[in-house]
Amino acid sequence: MKLLIAIVNNDDAHIVNSNLNKAGYPATKIASTGGFLMNGNSTFLIGVNDEDVDHIIELIGIYSKKRVQPAPVDLSYNTIAMGSFPAEVTVGGATIFVMDVERCQRV
Ligand code: 2BA
């Protein structure tokens with residue numbers, strides 16, 4: 001069994017969620033915030049059988065769009081230490097971590 005942690009743009013979260021449900025994959029959606037842009041995003045926890053992992057990644061990829069967003073204009077960022085600071089960043093589709101699950105139990 002695997003646990004997928006998928007970070008998805010808020011604009012895509014609804015359609016990703018409904019298509020996971022439609023395909024019969026259980027998911028928990030958590031409200032999260034990106035550490036760089038400080039924008040809201042959605043983190044999905046999806047516990048699945050090993051053989052379903054690739055299908056879920058494909059599904060999330062279909063419904064998660066790439067988009068360009070302005071980088072934060074925030075003086076608290078140390079722009080000297082960071083060198084050249086991007087004016088825009090490309091966000092998404094989705095960032096997905098796949099982890100082994102030792103045990104999953106409902107009691
Ligand atoms: P954020 O941290 O808000 O990052 C938004 C986008 O900003 C990133 O898009 C990336 O294009 C850019 N970015 C992030 N850190 C940067 C930096 N130090 N310098 C320049 N550009 C930077 P994505 O890579 O598509 O990531 C979207 C969201 O996924 C991230 O939001 C974060 O919440 C999550 N994420 C991405 N990689 C992660 C990782 N390795 N571990 C945990 N969360 C991650």
Side-chain angles (χ1 to χ4, degrees):
M1 187 175 198
K2 304 282 186 199
L3 176 67
L4 274 66
I5 300 178
I7 303 157
V8 174
N9 193 290
N10 266 351
D11 294 341
D12 301 325
H14 182 74
I15 193 161
V16 167
N17 193 41
S18 58
N19 279 282
L20 286 171
N21 285 331
K22 213 181 286 176
Y25 297 118
T28 296
K29 180 172 160 293
I30 300 172
S32 48
T33 303
F36 186 66
L37 294 181
M38 301 300 288
N39 283 343
N41 51 32
S42 294
T43 299
F44 290 88
L45 304 180
I46 312 160
V48 288
N49 295 323
D50 291 18
E51 58 269 25
D52 292 327
V53 168
D54 289 340
H55 183 223
I56 292 173
I57 290 174
E58 190 189 337
L59 229 160
I60 294 172
I62 290 170
Y63 295 105
S64 301
K65 302 203 175 14
K66 280 197 165 82
R67 48 188 48 88
V68 175
Q69 290 184 215
V73 183
D74 184 341
L75 296 178
S76 65
Y77 282 88
N78 187 344
T79 50
I80 295 170
M82 292 178 81
S84 63
F85 198 73
E88 293 181 325
V89 289
T90 303
V91 185
T95 302
I96 305 171
F97 301 91
V98 181
M99 289 180 295
D100 289 325
V101 173
E102 193 174 319
R103 181 168 163 174
C104 170
Q105 197 162 346
R106 292 189 179 85
V107 290

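Values below: all heavy atoms of this structure, side chains included; hydrogens, waters and symmetry mates excluded. Every number for a ligand or one of its atoms is a count from 1 in the order of the listing.
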(Q) Is any side-chain heavy atom of Y63 closer than 4.5 Å to one of V16? (A) yes
Q) Mind checking whether F44 and I60 have side chains closer than 4.5 Å, heavy atoms only? A) no
Q) Quick one: are K29 and T43 in side-chain contact, heavy atoms under 4.5 Å? A) no
Q.
When you compare the side chain of N9 with that of N41, does any pair of heavy atoms fall below 4.5 Å?
A. no
(Q) Quick test of your reading of the structure: of I96, T95, T33, whose heavy atom lies closest to atom 26 (O) of ligand 1? (A) T95
Q) Looking only at N/O atoms, are V91 and ligand 1 under 3.5 Å apart anywhere? A) no
Q: Using heavy-atom distances, let me know which of G40, G34, A6 sits nearest atom 32 (C) of ligand 1.
A: G34
Q | Point-to-point distance, once rounded to the nearest 0.5 Å, from OH of Y25 to CD1 of I56 | A | 5.0 Å
(Q) Does any N or O of ligand 1 fall below 3.5 Å from an N or O anywhere on T90, backbone included? (A) yes
(Q) Within ligand 1, which atoms have a heavy atom of N41 less than 4.0 Å away? (A) 28 (C), 31 (O), 33 (O)
Q | With L4, the side chain to side chain contact (heavy atoms under 4.5 Å, CB included) member among D52, L20, I96 | A | I96
Q | Step-by-step side chain to side chain contact (heavy atoms under 4.5 Å, CB included) determination, R67 to D11 | A | CA-CA 10 Å; R67 48 188 48 88; D11 294 341; 3.7 Å; yes
Q. Can you list the atoms of ligand 1 that are under 4.0 Å from a heavy atom of G92?
A. 25 (O)
Q. Does ligand 1 have an atom under 4.0 Å from some heavy atom of N39?
A. no
Q: Could you list the atoms of ligand 1 found under 4.0 angstrom from a heavy atom of L37?
A: 1 (P), 3 (O), 5 (C)
**Q.** Heteroatom distance test (F97, ligand 1): nitrogen or oxygen, under 3.5 angstrom
**A.** no
**Q.** Short N or O distance, I7 and ligand 1, threshold 3.5 Å exclusive
**A.** no
